[in-house]
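In what follows, every chain begins at residue 1, and chains take the letters A, B, ... in the order their sequences are listed. The basis for the numbers below is simple: all heavy atoms, side chains too, and nothing from hydrogens, waters or symmetry mates.
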Number of protein chains: 2
Amino acid sequence: MEFAAHGFEAASTRSIAAAADTQQPQINYHFESKEALWKAALDHLFDRLDESMRRHAAALPAPVTARDRLAVTVRSFVHAAAELPELNRIMVHESTVPSDRLRWIVDRHTRPRFELVATEWRAARATGEVPPIDESVLYYSLVGAASLAYVNAPEAELLGYNTLDPAFIVAHADALVLTFLPAPISEPQRPVREGTTT
Amino acid sequence: MEFAAHGFEAASTRSIAAAADTQQPQINYHFESKEALWKAALDHLFDRLDESMRRHAAALPAPVTARDRLAVTVRSFVHAAAELPELNRIMVHESTVPSDRLRWIVDRHTRPRFELVATEWRAARATGEVPPIDESVLYYSLVGAASLAYVNAPEAELLGYNTLDPAFIVAHADALVLTFLPAPISEPQRPVREGTTT
DNA sequence: GCAATTCTATATCACTTGATCTAATTTGTC
DNA sequence: GACAAATTAGATCAAGTGATATAGAATTGC
């Protein structure tokens, strides 16, 4: 995906067309502009994100507590981030500078998903199941911790790590649940409620 | 910084020159090429990162244990990431696709800093002071958790949060120490060894 | 004070960009 | 098979790209 590799401006319609094995004017025929193509691509990627998270959540034990629900969300998001590095790459490309495109994404895709995580976090906070961390701090810490390894996969490879190895992904998900969602203080440190996947 | 806002390809030498209130050919006069300018900019930004981390570390209580040393590193990095969002923006722009520029950064700047954190982590792991997490998983989780809020500051603002507010930054640093470096299992959950900074 | 050097400004190079126009081709329907 | 609609292909547009050539203006060293 050209938008993920280089960002909107640097992705030329000719290279996009070439990657799709067609000609450059086809983009303006089937979409009204480069920006309309970009929006269609993002809608599609967010659909795939939702589908991927639902699929991975379904493979996990059903959650009981509010903390369990967050653990499922965290594990599902880690797996989805590994499956769809393009999406988080585009997000980080677009989120570094204010723009109409950023406003479009935030209104249409980011805010609803942020509210979902914030609501889950508030519920777990209310019962004292998770550490005393504000939801805005938590959101960016969690999303950043879950996505960077896959966004920066080419860098990780140069450092000698294969972040697309299933073993890495599972260890990564385990680590985030262990750190952000430790078992309640009165219990032992290890999280034991959720099973590990794949 | 134009490179941080749009990435290397999308940052035109004319807009860079305009931002510096000069003419476009000056870039090829004072530097040999656009790429040479970019390398000079990165060397400068990494110098500022090191200086910023040293300055913030000096303002914290002197560490005693290996875990304390990591806590100082984490807090210093959070503050530096907030101070220098441009650097992590460039890093994330460049790390999404293999390139000669990425190899140059990793060899010159990333790998030495990764080794530093990995070494500190291994030392704390050896004494059982930190959770059982592999250093590669830890590195990307920690860097991602510490930097995304500032890299994506324009997005956070649209969500109604000001991640450049000193109160956010301190809460953020506290949260990362609390989660990634919880007090040893035998002690209470809250981190108490390091003071909070401005 | 004046020449040598360094820096700045303008014009221009070949090339790439997103978009559009027009003609050729394929597809769908009877 | 015929005809209309949808799609594809090629050519071309003005605007923007990094780099360079050249001439003018400051600055430096003596």
How close or far is atom [atom2] of [N] from atom [atom1] of [X], stated in whole angstroms?
X	N	atom1	atom2	value
Gln23(B)	dG18(D)	CD	C1'	16 Å
Asn28(B)	dT17(D)	CG	P	14 Å
Glu9(A)	dA19(C)	CD	P	12 Å
Glu2(B)	dT17(D)	CD	P	11 Å

Answer yes or no: is there an ion pair linking Arg67(A) with Glu120(A), defined by an N-O contact shorter than 4.0 Å? no
Is Asp50(A) salt-bridged to Arg54(A), going by a charged N under 4.0 Å from an acidic O? no
Scan Ala10(A) against the nucleic acid and name what it touches under 4.0 Å (heavy atoms): base, sugar-phosphate only, or nothing. nothing
Look at all strands and tell whether Ala11(A) reaches a base, only sugar-phosphate, or nothing, counting heavy atoms closer than 4.0 Å. sugar-phosphate
Where is the tightest heavy-atom contact between Phe168(B) and Thr163(B), given as atom of each residue plus distance? CD2-O, 3.5 Å
Using a 4.0 Å cut-off on protein heavy atoms (strictly under), produce a 5'-to-3' string for nucleotides 21-28 of chain C with B for base contact, S for backbone-only sugar-phosphate contact, and - for none. --------
Once you measure the plane-to-plane angle for His172(B) and Tyr150(B), does it fall in the parallel (<30°), tilted (30-60°) or perpendicular (>60°) bin? tilted
Between the side-chain atoms of Arg14(B) and the base atoms of dG16(D), is any donor-acceptor pair under 3.5 Å? no
